[in-house]
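The next block holds one structure in the form of structure tokens; read it before the comments.
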Amino acid sequence: MYARNLKLKNRESKYYKTIRLRFYAELNHFLPANLQQTSFDYSFPGPITIKEVIESMKVPLSEVDLILVDSKPVDFNYPVNDFDYISVFPVFEQFDISETSRLRKTPLRSSRFILDSHLGKLAKYLRMSGFDTLYENNYSDDAIRTIASQQSRIILTRDRDLLSSRQVTHGYYIRNINSKEQLLEVFIKFDLYSQINPLSRCLICNSNLSPIDKKDLAEDIDEETKKIFNEFYQCPSCNKIYWKGSHYDRMMNFLQSLKR
């Protein structure tokens with residue numbers, strides 16, 4: 001049994017207790033290099049909860065969905081004991097682990113997002129793919145958390161501190177720097193492929209597009225475009241007009257490349 005074989009490390013006094021920790025999958029991204037993809041000892045001097053342990057390791061609670069202590073599920077309030085073997089798993093948005101006693105309510109399946117100021121291009125790509133995506137480059141952290149909570153949105157961010165709040169229940173730290181790779185990362189993380197619906201949402205203001213008859217098009221659409229194309233869509237909020245031209249073909253090729 002682990003408790004019998006544990007080699008205690010870094011005890012500063014006889015009053016310290018030690019547990020064994022292991023973080024899985026993408027949670028390792030938040031750990032120092034020497035602690036990634038391995039189990040390690042964690043010593044503490046007094047009463048402490050697993051929530052406090054995870055926070056001390058700089059891992060956002062919003063990215064944790066399952067905690068096992070000696071193979072048994074526990075919640076964030078679990079009081080850590082000497083010799084515990086604790087496994088911490090990331091959010092399983094695309095899997096049903098309810099029978100294993102997850103830490104949050106049912107996963108979000110509507111796939112609605114809100115992004116911080118670092119992810120403007122990603123916001124455009126998500127809208128291009130048909131996903132309800134809120135983005136403003138002047139959103140404050142508090143505003144993002146509040147909107148996400150009120151509207152059941154998933155927070156996407158490059159700022160770890162934004163996720164370090166009890167108010168955040170569904171959030172994800174984007175690892176990639178390149179915006180196209182970020183989109184692929186989000187597609188894989190939340191299993192979005194079946195929900196792609198291009199040319200359904202305005203790239204500028206996120207509103208749902210509505211079909212519009214040619215004869216009702218504004219005069220700023222040139223006659224040649226009207227002759228070539230038959231399907232047009234308009235944003236009811238900003239009045240921007242969309243049609244299935246070369247930009248649409250590039251969009252579809254890009255989305256198909258992500259599927260591949």
Side-chain angles (χ1 to χ4, degrees), residues 26 91 93-94 107-139 143-144 147-148 150-159 162-163 170-214 216-218 220-222 224-226 228-260:
E26 61 263 32
V91 171
E93 288 292 346
Q94 60 268 54
L108 296 179
R109 296 307 299 163
S110 58
S111 301
R112 305 168 71 215
F113 301 97
I114 182 168
L115 280 59
D116 71 7
S117 59
H118 304 285
L119 299 174
K121 287 186 178 180
L122 175 59
K124 184 176 181 180
Y125 283 141
L126 283 169
R127 291 172 180 172
M128 180 180 74
S129 307
F131 294 96
D132 185 347
T133 305
L134 293 186
Y135 170 80
E136 296 287 347
N137 59 15
N138 58 354
Y139 273 146
I144 291 176
I147 294 172
Q150 292 175 344
Q151 300 183 16
S152 297
R153 292 181 180 273
I154 300 169
I155 297 175
L156 301 180
T157 180
R158 287 279 302 161
D159 180 4
L162 176 56
L163 301 178
H170 289 79
Y172 179 66
Y173 176 79
I174 300 294
R175 276 68 170 172
N176 284 291
I177 302 297
N178 179 273
S179 54
K180 292 183 179 180
E181 293 177 354
Q182 289 173 346
L183 183 64
L184 177 59
E185 180 181 347
V186 173
F187 273 21
I188 293 173
K189 173 64 182 179
F190 298 102
D191 192 20
L192 300 181
Y193 292 102
S194 63
Q195 303 178 53
I196 294 175
N197 186 20
L199 207 60
S200 63
R201 194 167 289 276
C202 180
L203 305 186
I204 307 302
C205 63
N206 193 48
S207 298
N208 285 310
L209 301 180
S210 300
I212 182 173
D213 195 280
K214 270 198 211 184
D216 298 323
L217 289 173
D220 55 352
I221 302 298
D222 64 86
E224 189 64 24
T225 299
K226 292 180 182 180
I228 297 175
F229 301 100
N230 294 313
E231 292 183 38
F232 293 87
Y233 303 85
Q234 185 174 33
C235 174
S237 298
C238 68
N239 296 319
K240 183 174 176 59
I241 304 294
Y242 296 85
W243 60 92
K244 295 182 177 181
S246 58
H247 58 293
Y248 177 80
D249 293 334
R250 289 194 297 270
M251 178 196 311
M252 294 306 298
N253 289 334
F254 172 50
L255 294 177
Q256 287 299 324
S257 71
L258 292 184
K259 287 187 178 183
R260 289 192 294 270

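Bear in mind that the values here come from a model prediction, so they are computed numbers and not experimental data.
Looking only at side-chain heavy atoms (C-beta outward), Tyr135 and Leu122 stay at 4.5 Å or farther from each other. Within the 4.5 Å cutoff, no side-chain heavy atoms of Ile221 are placed close to those of Phe229. Contact annotation: the side chain of Pro198 approaches that of Ile196 to within less than 4.5 Å [non-hydrogen atoms, C-beta and beyond]. Using a 4.5 Å heavy-atom threshold, the side chains of Cys202 and Tyr233 count as separate.
Taking CD1 of Ile155 as the reference point, atom CG of Leu134 lies at 11.0 Å (rounded to 0.5 Å). Atom CD1 in Ile114 sits 12.0 Å away from atom OG in Ser152 (nearest 0.5 Å). In this structure, CZ in Phe232 is found 8.5 Å from CD1 in Ile241, a value given to the nearest 0.5 Å. Going from atom CD of Glu185 over to atom OH of Tyr172 covers 3.5 Å, rounded to the nearest 0.5 Å. To the nearest 0.5 Å, atoms CG (Asn138) and OG (Ser117) are separated by 9.0 Å. Rounded to the nearest 0.5 Å, atoms CZ (Phe254) and CG (Leu184) are 8.5 Å apart.
Arg201 places a side-chain N or O within 3.5 Å of a backbone atom of Asn206 that can act as its donor or acceptor partner. Looking only at distances, no side-chain donor or acceptor of Lys121 sits under 3.5 Å from a matching main-chain atom of Lys180. Remark: the backbone N or O of Thr225 is paired with a side-chain donor or acceptor of Asp222 at under 3.5 angstrom. Judged by distance alone, the side chain of Lys214 and the main-chain N or O of Lys226 form a donor-acceptor pair under 3.5 Å.
Shortest non-hydrogen contact noted between Asp116 and Asp159 is OD2-N, 3.8 Å. In terms of heavy-atom proximity, Ile177 sits nearest to Gln182 at O-NE2, 3.2 Å.
Partners of Asn239 under the side chain to side chain contact (heavy atoms under 4.5 Å, CB included) rule, at least two apart in sequence or in another chain, are Gln234. Residues that satisfy the salt bridge (Lys or Arg N to Asp or Glu O under 4.0 Å) test with Glu26, not counting sequence neighbours, are Lys189.
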Worked verdict on Cys235 versus Leu209 for side-chain contact (heavy atoms from CB on, under 4.5 Å):
CA-CA 5 Å; Cys235 174; Leu209 301 180; 3.9 Å; yes

In a table with atom names and distances, give each donor-acceptor pair under 3.5 Å that connects a side chain of residues 123-130 to protein atoms at least two apart or in another chain.
{"residue": "Arg127", "atom": "NE", "partner": "Thr133", "partner atom": "O", "Å": "2.9"}
{"residue": "Arg127", "atom": "NH1", "partner": "Leu203", "partner atom": "O", "Å": "3.2"}
{"residue": "Arg127", "atom": "NH1", "partner": "Ile204", "partner atom": "O", "Å": "3.0"}
{"residue": "Arg127", "atom": "NH2", "partner": "Thr133", "partner atom": "O", "Å": "3.0"}
{"residue": "Ser129", "atom": "OG", "partner": "Tyr125", "partner atom": "O", "Å": "2.9"}

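The aromatic rings of Phe131 and Phe113 lie perpendicular to each other, with more than 60° between the two planes, well past the 30° mark.
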